[in-house]
Amino acid sequence: MHPYRTHTCGALRLDHVGATVRLSGWVHRKRDHGNLLFVDLRDHFGLTQCVIDAASPLFEAVTDVRPESVITVTGLVVRRTPDTVNPALATGEIEVRMAEVVVDSPADVLPMQVAGDLEYGEETRLRYRFLDLRRDRLHRNIVLRSAVIASLRRRMTEAGFMEFQTPILTASSPEGARDYLVPSRQHPGRFYALPQAPQQFKQLLMASGFDRYFQIAPCFRDEDARADRSPGEFYQLDFEMAFATQDDVFDAIEPVLAGVFEEFGNGKAVTPVPFPRIPYDDAMLKYGSDKPDLRNPLVMADVTEVFRGGSFALFARNIDKGAVVRAIPAPKAAAMPRSFFDKLNDWARAEGAGGLAYVVFADGEAKGPIGKNLEAGGLDAIRTATGTGDGDAVFFVCARKAEAEKFAGRARERLCDELGLREADTFRFLWVVDYPAYERNPETGRIEFSHNPFSMPQGGMEALETMDPLEIKAFQYDIVCNGVELSSGAIRNHRPDIMLKAFAIAGYDEAETRQRFGGLFNAFRYGAPPHGGCAPGIDRIVMMLADEPNIREVIAFPMNQQAQDLMMGAPAEVEPARLRELRLRVELPREKKPTALADGAE
RNA sequence: GGGGGUGUAGCUCAGUCGGUUAGAGCGCUGGCCUGUCACGCCAGAGGUCGCGGGUUCGAGUCCCGUCACUCCCGCCA
């Protein structure tokens, strides 16, 4: 007989009655009746009830075993009497009579209970992650993550992509987020950087003649965390294709994403391929966001002209100074009480806006604060632009374009929830395309790349030479699902001459471009295929599929918001000898005691 | 870097207007219990009320500072 098990804790059924079996697992729960003891034995696969009574010489010993101890049980599988069957358990028709019990690993008193559904604070959960991972919810999430990644790999491989590995110790990338740096022992004063993404390597693989690349790629960015953004490190399904147009990239990845969401989405509806494509400018106009949630049915409109020079003086004055007016429809809101409108107005003020103007269409007339300031023609224009009519309301945001778009976008989301309009049980995908290639930094006034400096500008060299940089679009796109940005990607700029020109517009001279992007720039001088790709975030995909509000729930060993690993005690101080070897000296600001991180993990 | 929330037993939390000995559930320890499956019943141990300072006759409670965790803004090509 196997020393640990003949079956798993989820395996035994009526068929096994009469067999002598061996199970190993964790003591999930004990029910001690004094002269009769039940032990629920748990492993990765399930739960089996084991039973022993006072007649057994082992009885005392088993009674003393604490929950979460690991034991091996050998005994006879018996049928439960009809009144003691547990239908909630897959193994609920049988139980195992304990004849032999070995305690493989006794457990101390637990800092958090594994059985039950008591909620624990993040700190406890992260410090004792191995216990939290035993619990059903987290255990299921990590199993799901594994299955999703396996499915992604299979789908990518079947679509003709090859999986690669690229360096973890590499060079600092010149644009983008803050890098994690690793000091070099052999080259004092120099540092490796962990890759923010394998961006340049995948492009170099294209220049190396491989046709379709993919990788479950770790990415490292030293930026602050959010609920949907893990600090430090995360994973992307990174891929790149040679001789590909934007449509080719979309055609390649859409079935992979739609397929995975259908496979693991618990029957929720998934946008059928091809996914809708919305130009960036339209997204900002209609949804006030570059990652619109299409479960929200509200579509905004520009109504600046309705108010220009009109009798609503506040708006008219601002429009003269360059402001725009965005209208957000609120279907059936005419029936809402006054407090509904007041509450939204209060919210707008709390958000730093002057307020939220609105008009209510009811009983054939226009009511509300600005209803009387509008003429019949203007009201008609508003109704037409927003698709509203009697019984509906329309809210207005008036501000400079960027500000108006952003705030109207948030008001749109707010209204959707207040009116209970968000579509449930669905994954709504779309591509946001035609991103601007450049934007003006409002603080410095300088023109900068608005997204990825490696994207091909639409119109190529001619556009760069003849157009206002702020008008130029790039072959740059994001894929968005339910308001979550899953990925951005681009058709890359593979032409050294166009690269030089594109970087010149962003203020890099030729020498600087050659120096900072040397590897890639050099490769493109010796024959590079046109290519493009994208990199959906895996943690976020799993988070959506697991229906979790926080990305830490789908990562086995996440860091906390301060980018600390409470279980392992990272980051940690190092021996002075190691610092000397690296020729580093630590200079701390004033007196700050290093926080005791790992005292629970000694 | 900035803003909000939280911090009381091992854990999850309650604690009124500032007033006697700071409570509950789970867990833990001991006792009883042979059909439970969140077993039940009885008893017990367990507290730097995050930390420091202040106001007050008196502070878990009010004020100031600080630390930790968390959510958000900035940041994240």
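Heavy atoms only: backbone and side chains are in, while hydrogens, waters and symmetry mates are out. Residue numbers begin at 1 in each chain, while the letters A, B, ... track the order of the sequences.
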Of the listed nucleotides ([options]), which one gets closest to any side-chain atom of [X]?
X: Q562(A); options: C69(B), G27(B), C71(B); result: C69(B)
X: E122(A); options: U70(B), U36(B), G74(B); result: U70(B)
X: Q561(A); options: C69(B), C71(B), C28(B); result: C71(B)
X: E95(A); options: G10(B), U36(B), A68(B); result: U36(B)
X: D224(A); options: U70(B), G35(B), G74(B); result: G74(B)
X: L36(A); options: G35(B), A68(B), C11(B); result: G35(B)
X: A227(A); options: G74(B), C33(B), C71(B); result: C71(B)

- Contact check, residues 530-540 of chain A vs RNA chain B, heavy-atom distance under 4.0 Å, returns none
- Message: For RNA chain B, which residues of residues 39-62 of chain A approach it to below 4.0 angstrom with any heavy atom?
- Response: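 Of all residues in residues 39-62 of chain A, the ones placing a heavy atom under 4.0 Å from RNA chain B are Q49(A), D53(A).
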By the salt bridge (charged side-chain N to carboxylate O under 4.0 Å, His left out) test, which pairs, at least two apart or in different chains, include something from [range]?
range: residues 41-50 of chain A; value: R5(A)-D43(A), R42(A)-E68(A)
range: residues 27-36 of chain A; value: R31(A)-D40(A)
range: residues 478-501 of chain A; value: E240(A)-R492(A), R495(A)-D497(A)

When all nucleic acid strands are considered with a 4.0 Å heavy-atom cut-off, which category describes [X]: base, sugar-phosphate, or nothing?
X: D64(A); result: nothing
X: E439(A); result: nothing
X: K406(A); result: sugar-phosphate
X: R226(A); result: base

Who pairs with [X] by ring pair (Phe, Tyr, Trp, His ring centres under 6.0 Å), at least two apart in sequence or on another chain?
X: Y192(A); value: none
X: F524(A); value: H531(A)
X: Y287(A); value: none

- Only one of R422(A), R410(A), R412(A), K343(A) clears salt bridge (Lys or Arg N to Asp or Glu O under 4.0 Å) with D417(A); which?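 Option passing the salt bridge (Lys or Arg N to Asp or Glu O under 4.0 Å) with D417(A): R422(A).
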Show the distances under 3.5 angstrom between N or O atoms of the protein and N or O atoms of nucleotides 24-26 of chain B.
residue, atom, partner, partner atom, Å
C26(B), O2', Q113(A), OE1, 3.2
C26(B), O2', Q113(A), NE2, 2.7

- Would you kindly give the CZ-to-C1' distance between R66(A) and C28(B), to the nearest whole Å? 8 Å
- Message: Whole angstroms only, please: what is the CG-P distance between L37(A) and C32(B)?
- Response: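 The distance from CG of L37(A) to P of C32(B) comes to 15 Å, rounded to the nearest Å.
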- Using only heavy-atom distances, decide whether a donor-acceptor pair under 3.5 angstrom links the side-chain of R125(A) to the base of C11(B).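 By the distance-only test, no, there is no pair.
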What interatomic distance, in whole Å, is found between [atom1] of [M] and the corresponding atom of [N]?
N: C11(B); M: G19(B); atom1: C1'; result: 31 Å
N: A9(B); M: G5(B); atom1: C1'; result: 23 Å
N: G50(B); M: C69(B); atom1: C1'; result: 11 Å
N: C13(B); M: U8(B); atom1: C1'; result: 9 Å

For nucleotides 4-8 of chain B, list the nitrogen or oxygen atoms of the protein found under 3.5 Å from its nitrogen or oxygen atoms, one pair per line.
none

- Neighbour count >12 (heavy atoms, 6.0 Å) for atom CZ, R414(A):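 Yes, the 6.0 Å shell around CZ holds more than 12 heavy atoms from other groups.
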- Message: Is there aromatic stacking of H33(A) on C39(B) here, judged by a ring-centre distance under 5.5 Å and a plane angle under 30°?
- Response: yes
- Nearest heavy atoms of Q196(A) and F234(A), plus distance in Å: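 Result for this residue pair: O-CZ, 4.5 Å.
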- Task: Look at N86(A) and C37(B) and indicate whether a side-chain polar atom (N or O) is within less than 4.0 Å of OP1 or OP2.
- Result: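 False: N86(A) side-chain N/O out of range (4.0 Å or more) of C37(B) OP1/OP2.
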- Query: Which dot-bracket string fits RNA chain B when only Watson-Crick or G-U wobble pairs with both atom distances under 3.5 Å count, crossing pairs get [ ], and | stands for a partner on a different strand?
  - Reply: (((((((..((((.....[...)))).(((((.......))))).....(((((..]....))))))))))))....
Taking only N/O atoms, report every protein-nucleotides 41-43 of chain B pair under 3.5 Å with atom names and distance.
none

